[in-house]
Trainee: 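Handing you a structure now.
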Amino acid sequence: MKLVHLSDIHIHGESIDGYDPIDRFQRCLAHVEKRFADADAIVVTGDLTHDGQTVSYERLKGLLSGSPLKLHLLLGNHDHRDRFRATFAEHPADENGFIQYVADTDGYRLVMLDTCEPGTHAGHLCEKRLGWLSDRLRDAQRDAIPVLLFMHHNPVAVGVWAADVLSLIDDTGIRNLLRQNRDTVRHIFFGHTHYSLSGALEGIPFSAPRSTNHPCWPEIGDKRRTGIGPIAPNYNVALITSHAVVIHTIDFMLEDQIVWQDIPDEYAYVHASAPRP
């Protein structure tokens, strides 16, 4: 399976930290279309807009309608659930109105989780949402189908004050579910921090890309600041097989600067058992 993971596109009519989010998102979509149009799924893990306003969702809808790519959308802390639903009326939601749903593709179940809470930039999972997730994981276990779990907020402290103060608050419930479903959940995908991350939570690996508009510098420690600068925006490509998950970071705005070198035949070596992507 090939999966493209974007996050924190922050669609907005004005520049953010000196960058045009619409231009950068268009360039990102064009690059995905050029290089990975054959992906089995393309997921955007939240902060679809910067201000949560209807006009921003209308801009996003227009951008998506002009692309042949089909994207799975999640909400982030900069989004507004009701305005999103009003603009994307056909988008799936659960019985309580949360923007969470499942999508099966290529032998995997993509579980999309809504971690947004009005009035705060930190992440939350109420009892209803935790119950929904528990039911979906139980269904996947019954169906013997591996789960790829998606959310916006980082569900684990990453050692950066600016990210951890806005992480998923009171993560005990989801950690218990993950611990109970280590054999079902293959990988966790999230965004929110605006920088590349990888690691594991309760024995389950996770990864996150940078923002497609304004990536951040990870200030590791307890300094109450975040860094913005000449950091390349990116997205991730996950290559998933029955025995491995490989994450590639794609700095989509730098490809024009890459010099390609052909590899001589005497250096070309592919192990007979190496899986093809």
Trainee: Pairs of donor and acceptor atoms involving the side chains of residues 22-33, under 3.5 Å and at least two apart or interchain, shall be tabulated with distances.
Mentor:
{"residue": "R24", "atom": "NH1", "partner": "N213", "partner atom": "O", "Å": "2.5"}
{"residue": "H31", "atom": "ND1", "partner": "Y235", "partner atom": "OH", "Å": "2.7"}
{"residue": "H31", "atom": "NE2", "partner": "E255", "partner atom": "OE1", "Å": "2.3"}

Trainee: With sequence neighbours excluded, tell me which residues meet side-chain hydrogen bond (donor to acceptor under 3.5 Å, both in side chains) with T115.
Mentor: H153

Trainee: State, without any angle test, whether H192 and N77 hold a side-chain donor-acceptor pair at a distance under 3.5 Å.
Mentor: yes

Trainee: Linking directly or through intermediates, with side-chain heavy atoms under 4.5 Å: list the remaining ILVMFWY members grouped with W217, chain and number order.
Mentor: I231

Trainee: Under a 4.5 Å cut-off applied to non-hydrogen side-chain atoms, are Y101 and L110 in contact?
Mentor: no

Trainee: Hey, are D139 and R142 close enough for a salt bridge, meaning a charged N less than 4.0 Å from a carboxylate O?
Mentor: yes

Trainee: For I145, check side chain to side chain contact (heavy atoms under 4.5 Å, CB included) against everything at least two apart and list the hits.
Mentor: D104, R109, A140, D143

Trainee: Which distance, rounded to the nearest 0.5 Å, do you find between the SG of C126 and the CG of N96?
Mentor: 7.5 Å

Trainee: Which pairs pass salt bridge (charged side-chain N to carboxylate O under 4.0 Å, His left out) with one or both residues in residues 57-71, sequence neighbours excluded?
Mentor: none

Trainee: Are L75 and H152 packed together at the side-chain level, in the sense that at least one heavy-atom pair is separated by less than 4.5 angstrom?
Mentor: no

Trainee: Any donor-acceptor pair under 3.5 Å linking the side-chain atoms of D20 with those of S15?
Mentor: no

Trainee: Does I11 form a side chain to side chain contact (heavy atoms under 4.5 Å, CB included) with L63? I'd like the steps, not just the answer.
Mentor: CA-CA 10 Å; I11 297 302; L63 292 169; 3.9 Å; yes

Trainee: Using the ring centroid of each side chain, check whether Y19 and H214 are separated by less than 6.0 Å.
Mentor: no

Trainee: Would you please name every residue forming a side chain to side chain contact (heavy atoms under 4.5 Å, CB included) with W161, sequence neighbours left out?
Mentor: V165, R224

Trainee: Say you draw a straight line from CD of Q100 to SG of C116; how long is it, rounded to the nearest 0.5 Å?
Mentor: 10.0 Å

Trainee: Would E117 and R129 count as a salt bridge (charged side-chain N to carboxylate O under 4.0 Å, His left out) if you check the C-alpha gap in whole Å, the side-chain angles of each, and the deciding distance to 0.1 Å?
Mentor: CA-CA 11 Å; E117 189 73 15; R129 281 175 281 183; 2.8 Å; yes

Trainee: List for me each residue that meets side chain to side chain contact (heavy atoms under 4.5 Å, CB included) alongside E219, sequence neighbours excluded, and say none if there are none.
Mentor: K223, R225

Trainee: Between Y108 and D40, does a side chain to side chain donor-acceptor pair (under 3.5 Å) hold up when you go through it step by step?
Mentor: CA-CA 10 Å; Y108 293 87; D40 299 288; over 6 Å; no

Trainee: Atom CD of residue position E95 - does it have more than 12 heavy atoms of other residues, nucleotides or ligands inside 6.0 Å?
Mentor: yes

Trainee: Quick check: do V158 and L197 have side-chain heavy atoms less than 4.5 Å from each other?
Mentor: yes

Trainee: If the plane angle is over 60° it's perpendicular, under 30° parallel, otherwise tilted; pick one for F88 and H91.
Mentor: perpendicular

Trainee: Taking V245 as the starting point, is it possible to reach V43 by hopping between hydrophobic residues whose side chains are less than 4.5 Å apart?
Mentor: yes

Trainee: Are M112 and V102 grouped together when hydrophobic residues (ILVMFWY) are joined by side-chain heavy atoms under 4.5 angstrom apart?
Mentor: no

Trainee: How far apart are the C-alpha atoms of N154 and T193, what are their side-chain angles, what is the distance that settles it, and do they pass the side chain to side chain donor-acceptor pair (under 3.5 Å) test?
Mentor: CA-CA 7 Å; N154 47 304; T193 66; over 6 Å; no

Trainee: Would you say the side chain of T184 lies within less than 4.5 Å of the side chain of P146, judging by non-hydrogen atoms?
Mentor: no

Trainee: Between V147 and N181, does a side chain to side chain contact (heavy atoms under 4.5 Å, CB included) hold up when you go through it step by step?
Mentor: CA-CA 10 Å; V147 164; N181 290 274; over 6 Å; no

Trainee: Name all residues meeting the salt bridge (Lys or Arg N to Asp or Glu O under 4.0 Å) criterion together with D106; count only those two or more places apart in sequence or in a different chain, and write none if there are none.
Mentor: none

Trainee: Are L149 and I247 grouped together when hydrophobic residues (ILVMFWY) are joined by side-chain heavy atoms under 4.5 angstrom apart?
Mentor: no

Trainee: Using side chain to side chain contact (heavy atoms under 4.5 Å, CB included), reason through H72 and F150 one step at a time and then give a plain yes or no.
Mentor: CA-CA 10 Å; H72 297 284; F150 296 82; over 6 Å; no

Trainee: Not counting sequence neighbours, which residues clear side-chain hydrogen bond (donor to acceptor under 3.5 Å, both in side chains) with D38? List them please.
Mentor: K2

Trainee: Please examine the side chains of W132 and L113, heavy atoms only from C-beta on, and report whether any two atoms are closer than 4.5 Å.
Mentor: yes

Trainee: Going by the rule side chain to side chain contact (heavy atoms under 4.5 Å, CB included), which residues pair with H50 if we only count those two or more places apart in sequence or in a different chain?
Mentor: H10, H12, I16, H78

Trainee: Give a yes or no on whether M151 and L177 share a hydrophobic cluster (residues Ile, Leu, Val, Met, Phe, Trp, Tyr; joining criterion: side-chain heavy atoms under 4.5 Å apart).
Mentor: yes

Trainee: Can R210 be said to sit on top of Y195's aromatic six-ring, NZ or CZ under 6.0 Å from centre and within 45° of the ring axis?
Mentor: no

Trainee: Is the closest side-chain heavy-atom distance between L125 and L168 below 4.5 Å?
Mentor: yes

Trainee: Considering non-hydrogen atoms only, spot the tightest contact between A232 and L254 and give its length.
Mentor: CB-CD1, 3.8 Å

Trainee: Rounded at 0.5 Å granularity, tell me how far CG in D114 sits from NZ in K128.
Mentor: 13.0 Å

Trainee: Please list, chain by chain and in numerical order, all residues satisfying side-chain hydrogen bond (donor to acceptor under 3.5 Å, both in side chains) with S196, sequence neighbours excluded.
Mentor: N234

Trainee: Does a side chain donor of either T45 or S7 reach within less than 3.5 Å of an acceptor in the other side chain?
Mentor: yes

Trainee: May I ask you to check whether F206 and F190 place their ring centres under 6.0 Å from each other?
Mentor: yes

Trainee: Is there side-chain contact between L64 and L73, with heavy atoms separated by less than 4.5 Å?
Mentor: yes

Trainee: Could you walk me through whether H187 and I240 satisfy the side chain to side chain contact (heavy atoms under 4.5 Å, CB included) test, starting with their C-alpha distance in whole Å, then the side-chain angles of each, then the deciding distance to 0.1 Å, before giving a yes or no?
Mentor: CA-CA 10 Å; H187 198 87; I240 305 169; 6.0 Å; no

Trainee: List the residues meeting side-chain hydrogen bond (donor to acceptor under 3.5 Å, both in side chains) with N236, not counting sequence neighbours, and say none if there are none.
Mentor: T249

Trainee: Tell me, do Q180 and N176 make a side-chain contact under 4.5 Å, heavy atoms counted?
Mentor: yes

Trainee: Please determine whether residues I204 and L148 belong to a single hydrophobic cluster, defined as Ile, Leu, Val, Met, Phe, Trp and Tyr linked transitively by side-chain heavy-atom distances below 4.5 Å.
Mentor: no

